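Okay, so here's the structure we're looking at.
Quick caveat: nothing in here was measured; it's all calculated off a predicted structure.
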Amino acid sequence: MRKATTLLVLFGILGLLFFCGLSVRQWYICSWQGLCPIEQVTERNGVQLIVYSAKRKYVYRKDPLYFRVTVHNASDTLVVLRPVDYGGELEPAISITLDMRKTILWHEQHPEQAYREIVLSPGDELVFELRIPPEEWEPAGVEAQRIIVAALINVFTTTKEPPDRFHLGNTIYIPVR
């Protein structure tokens, strides 16, 4: 009986080591090789601005770029995204910038969405996806090979009169191999 218990404990320890080895291997592949997604959340007054990248590192001319920007109303009141007039210059309600060798300004390519008023009820979210095939992108700069994804929103809360207004921004930096 004692031999069977020792054998059972030994197999249990070997099995545990095997599963730990698999999880370490998965962590290595994900983290060190840059295959894990990255998500960064900025929150203020119950409004979340989430910037997501499908990978932590991209391989130049091999990987398609995939980014997602999400605006989530986690508060219990209505939230309005609205363009702001700064002395005759209109700033969009939603501004998304993808900075590589050439800068892509999403809000200039989609003014019908960026410059309109958007009302988000409690729990609602707004999602914008950016997909760029591998042959259409280059990293920014020779020394600093990275991609910068930046998002900025102009938020108005409807709990007070006049409404509270604030900016919410979020940026992620992704290296290029």
Side-chain angles (χ1 to χ4, degrees), residues 13-75 79 81 83-84 91-115 118 120 122-155 166-177:
I13 291 172
L14 286 175
L16 182 64
L17 288 174
F18 176 73
F19 286 119
C20 288
L22 287 179
S23 65
V24 167
R25 181 178 178 273
Q26 179 65 28
W27 174 81
Y28 170 77
I29 289 172
C30 188
S31 297
W32 285 65
Q33 292 184 358
L35 301 177
C36 294
I38 184 170
E39 181 177 89
Q40 185 167 307
V41 180
T42 304
E43 183 173 355
R44 185 169 173 195
N45 296 345
V47 179
Q48 297 175 338
L49 181 60
I50 305 162
V51 180
Y52 169 88
S53 173
K55 293 184 176 186
R56 291 184 185 271
K57 295 178 186 173
Y58 286 95
V59 178
Y60 178 55
R61 296 286 186 198
K62 279 190 170 183
D63 292 335
L65 301 180
Y66 176 72
F67 306 106
R68 186 173 61 228
V69 175
T70 304
V71 180
H72 178 72
N73 183 4
S75 71
V79 167
L81 306 179
V84 177
E91 184 177 300
I94 302 165
S95 169
I96 302 172
T97 304
L98 182 59
D99 191 9
M100 303 173 297
R101 185 169 298 269
K102 63 178 185 175
T103 301
I104 297 173
L105 301 173
W106 174 89
H107 50 278
E108 288 184 1
Q109 295 176 352
H110 301 89
E112 70 286 347
Q113 291 178 325
Y115 289 94
I118 301 167
L120 293 175
D124 282 355
E125 64 181 26
L126 197 56
V127 179
F128 303 97
E129 293 185 353
L130 303 163
R131 296 174 191 261
I132 301 173
E135 61 275 0
E136 293 183 15
W137 67 272
E138 286 187 47
V142 177
E143 295 101 22
Q145 292 199 346
R146 64 183 182 183
I147 300 167
I148 302 168
V149 182
L152 176 71
I153 56 175
N154 290 304
V155 183
F166 60 91
H167 300 288
L168 193 57
N170 200 345
T171 304
I172 57 174
Y173 301 90
I174 300 128
V176 175
R177 296 188 275 165

Measure across E91 and Y115 and return the closest heavy-atom pair with its distance rounded to 0.1 Å.
->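 Looks like C-CE2, 4.1 Å.
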
What's the shortest heavy-atom distance between V51 and A151, and which atoms?
->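 Residues V51 and A151, closest heavy atoms: CG2-CB, 4.3 Å.
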
Can you tell me how far [atom2] of [Y] sits from [atom1] of [X], rounded to the nearest 0.5 angstrom?
X	Y	atom1	atom2	answer
D63	I132	CG	CD1	12.5 Å
H107	E112	NE2	CD	13.0 Å
L130	Q109	CG	CD	8.5 Å
Q48	E43	CD	CD	4.5 Å
I96	F128	CD1	CZ	5.5 Å
T97	L152	OG1	CG	8.5 Å

Start with the C-alpha distance between I94 and Q113, add both sets of side-chain angles, then the distance that settles side-chain contact (heavy atoms from CB on, under 4.5 Å), and finish with yes or no.
-> CA-CA 8 Å; I94 302 165; Q113 291 178 325; over 6 Å; no

Set of residues satisfying ring-ring contact (aromatic ring centres under 6.0 Å, His included) with respect to Y173, sequence neighbours excluded =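 Residues passing ring-ring contact (aromatic ring centres under 6.0 Å, His included) with Y173: none at all.
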
Counterpart residues, ring-ring contact (aromatic ring centres under 6.0 Å, His included), relative to Y52 (two or more places apart) =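 Per chain and number, Y52 pairs via ring-ring contact (aromatic ring centres under 6.0 Å, His included) with no residue.
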
Flag side-chain contact, heavy atom, 4.5 Å: [X] against [Y]:
X	Y	value
V71	I118	no
T103	L98	no
P92	P83	no
I153	V47	yes
V155	H167	no
I172	S53	yes

Do you know which of V176, I148, L65 makes side chain to side chain contact (heavy atoms under 4.5 Å, CB included) with M100?
->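 When side chain to side chain contact (heavy atoms under 4.5 Å, CB included) is applied between M100 and each of V176, I148, L65, only L65 qualifies.
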
Can you give me every donor-acceptor pair (side chain of residues 34-42, partner residue at least two apart or in another chain, under 3.5 Å) with its distance?
{"from": "Q40", "atom 1": "NE2", "to": "N170", "atom 2": "OD1", "distance (Å)": "2.8"}
{"from": "Q40", "atom 1": "NE2", "to": "T171", "atom 2": "O", "distance (Å)": "3.0"}
{"from": "T42", "atom 1": "OG1", "to": "G169", "atom 2": "O", "distance (Å)": "3.4"}
{"from": "T42", "atom 1": "OG1", "to": "N170", "atom 2": "ND2", "distance (Å)": "3.2"}

With W137 as reference, evaluate Y66, F67, Y60 under the ring pair (Phe, Tyr, Trp, His ring centres under 6.0 Å) test and give the passing residue.
->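 It is Y60; the other options fail the test.
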
